[in-house]
Amino acid sequence: MANPIRIYSGPGQLVIWDATNGYLDLGFLQEIKLSEEPVQHELMDGNLHQALNIWRLEVPLLQTDSTLVSALNARRGIKQKIYITGLEAHWTLENVFVTVQMIRGFSSGEAHRFVLTAQTAIESDFSIYENLLGAQGRFENDSDSDGLADGWFQFNLTSRSIVASFLSGEGNAQKIAWDGTVDAYVRNNPWVKIPFGSVRLKLTFSFYVLNNDTVNSASFKSAILLYDKNNVVVSSFTQNETLAASEQKRISFSATVEPTTLIVFAEARIWRNSGAVDITIDNAQLEIGGLTDFKAE
């Protein structure tokens, strides 16, 4: 049997779900291990062939109350969907079975703990969540013909329109402008739902931008705003941006947060800083962890 390949190891927010019992939020745990184990079998000709992969999740739980044990035992024999929101990324593991066992320490001073283990086979679905904005980050469609791409909201823009992308290849981009006399911005709409919340999270917001002004520089802010379940801002982060006349570049900044309450929604915003601005934006992405190549879905 092949050695397991470690996919993830570290702290993270853990939630499990099934259609019968609903969601069970196990909270932020310091030790989560997810590994992939290639399983091989031998054919009659003596050759080894990989038949399937087994995803294995091990999570030590310090809670030992009867309510938690009952909730976990109620899920035995029912396929679960597991969400791990770590500091750098989000993982989803589907179609797994979970079991829970109590582990007794070797020394009298070592606390007992439960270990939640999940295991499945070839029918499992394992994925890493990437661009939270999805296809809306491409600014391709404007179904109501209001000049603003689907999936975006504007405040006090003096003009907006869908134009041909300034990037190589075909497609559209979003042109926006404000006169600088009042607060103005464009943001994703609706807010992105952070996968089942996290009290510790790293987010990266990036986009390509072109200054349409051939004479003057453009000054604005890129921002990430995070909200709790009551739509109240928990944390906000901004980065000042300046483009020279006719300059084109990719802008990116990251924010690492450790709030005292769960983050449920995230907003990516391009915001007025000072003065008038006329820019075109394309290929926006908001993702958990560091910046990767743009993916619309």
Side-chain angles (χ1 to χ4, degrees), residues 4 6-37 53-105 111-130 132 191-203 226-232 234 257-266 288-289:
R6 182 63 52 83
I7 303 298
Y8 174 75
S9 178
Q13 189 82 19
L14 182 68
V15 176
I16 61 178
W17 179 88
D18 70 61
T20 302
N21 298 286
Y23 292 105
L24 178 60
D25 186 356
L26 297 174
F28 190 86
L29 305 171
Q30 291 297 324
E31 185 181 355
I32 298 176
K33 297 177 182 179
L34 178 63
S35 59
E36 173 192 11
E37 182 177 327
N53 288 342
I54 292 178
W55 300 105
R56 197 182 304 276
L57 174 75
E58 296 182 5
V59 181
L61 304 171
L62 295 180
Q63 308 98 315
T64 56
D65 59 273
S66 58
T67 301
L68 175 63
V69 175
S70 297
L72 292 172
N73 284 334
R75 297 170 184 268
R76 287 180 179 270
I78 303 174
K79 287 185 177 180
Q80 305 293 311
K81 187 172 183 178
I82 297 179
Y83 306 88
I84 304 171
T85 306
L87 184 65
E88 292 285 346
H90 174 79
W91 291 261
T92 301
L93 187 61
E94 297 187 68
N95 297 320
V96 298
F97 295 103
V98 299
T99 60
V100 60
Q101 296 175 316
M102 188 172 71
I103 305 299
R104 299 178 183 273
H112 296 167
R113 63 180 185 174
F114 287 113
V115 175
L116 176 69
T117 300
Q119 183 173 319
T120 187
I122 198 167
E123 74 276 7
S124 63
D125 184 10
F126 171 74
S127 61
I128 298 177
Y129 215 94
E130 291 186 341
L132 298 170
W191 293 328
V192 169
K193 191 176 189 306
I194 295 297
F196 302 97
S198 178
V199 293
R200 300 180 186 179
L201 196 66
K202 178 181 178 181
L203 287 169
L226 304 173
Y227 297 81
D228 65 14
K229 64 180 180 180
N230 298 315
N231 301 335
V232 175
V234 174
V257 296
E258 294 191 22
T260 57
T261 186
L262 284 179
I263 300 165
V264 179
F265 302 105
I288 297 174

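Every heavy atom of this structure was used, including side-chain atoms; hydrogens, water molecules and symmetry mates were not.
- Interatomic distance, I263 CD1 to L203 CG, rounded to the nearest 0.5 Å: 7.0 Å.
- Side-chain contact between V96 and L57 is absent, with no heavy atoms from C-beta onward closer than 4.5 Å.
- In plain terms, the two heavy atoms of G12 and I32 that are nearest each other are O-CD1, 3.6 Å.
- In plain terms, the two heavy atoms of N231 and Y227 that are nearest each other are O-CD2, 3.5 Å.
- Scored by the side-chain hydrogen bond (donor to acceptor under 3.5 Å, both in side chains) test, S198 finds no partners at all (sequence neighbours excluded).
- The shortest side-chain heavy-atom distance between T261 and V232 does not fall under the 4.5 Å cut-off.
- For the residue pair A74 and N21, the shortest heavy atom distance occurs at O-ND2, 3.6 Å.
- Rounding to the nearest 0.5 angstrom, the gap separating the CD1 atom in I82 from the CH2 atom in W17 is 13.0 Å.
- Residues passing the salt bridge (charged side-chain N to carboxylate O under 4.0 Å, His left out) test with K229, sequence neighbours excluded: none.
- Here the straight-line distance linking atom CG of L87 with atom NZ of K202 works out to 7.5 Å at 0.5 Å rounding.
- One finds the CD1 atom of I16 at 11.5 Å from the CD1 atom of I84 (value rounded to the nearest 0.5 Å).
- Within the 4.5 Å cutoff, side-chain heavy atoms of K79 are placed close to those of F97.
- Closest approach of G86 to L201, counting heavy atoms only: O-CD1, 3.8 Å.
- The shortest heavy-atom contact between V15 and F196 is CG2-CB, 3.8 Å.
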Contacts under 3.5 angstrom, residues 23-30 side chains, donor-acceptor by atom type, not counting sequence neighbours:
unit_1 : atom_1 : unit_2 : atom_2 : d
D25    : OD1    : Q13    : NE2    : 3.3
D25    : OD1    : G27    : N      : 2.9

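- Contact detail for L262 and G197: the closest heavy-atom pair is CD2-C, 4.2 Å.
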Worksheet item: Can V264 and V234 be said to form a side chain to side chain contact (heavy atoms under 4.5 Å, CB included), step by step?
Response: CA-CA 10 Å; V264 179; V234 174; over 6 Å; no
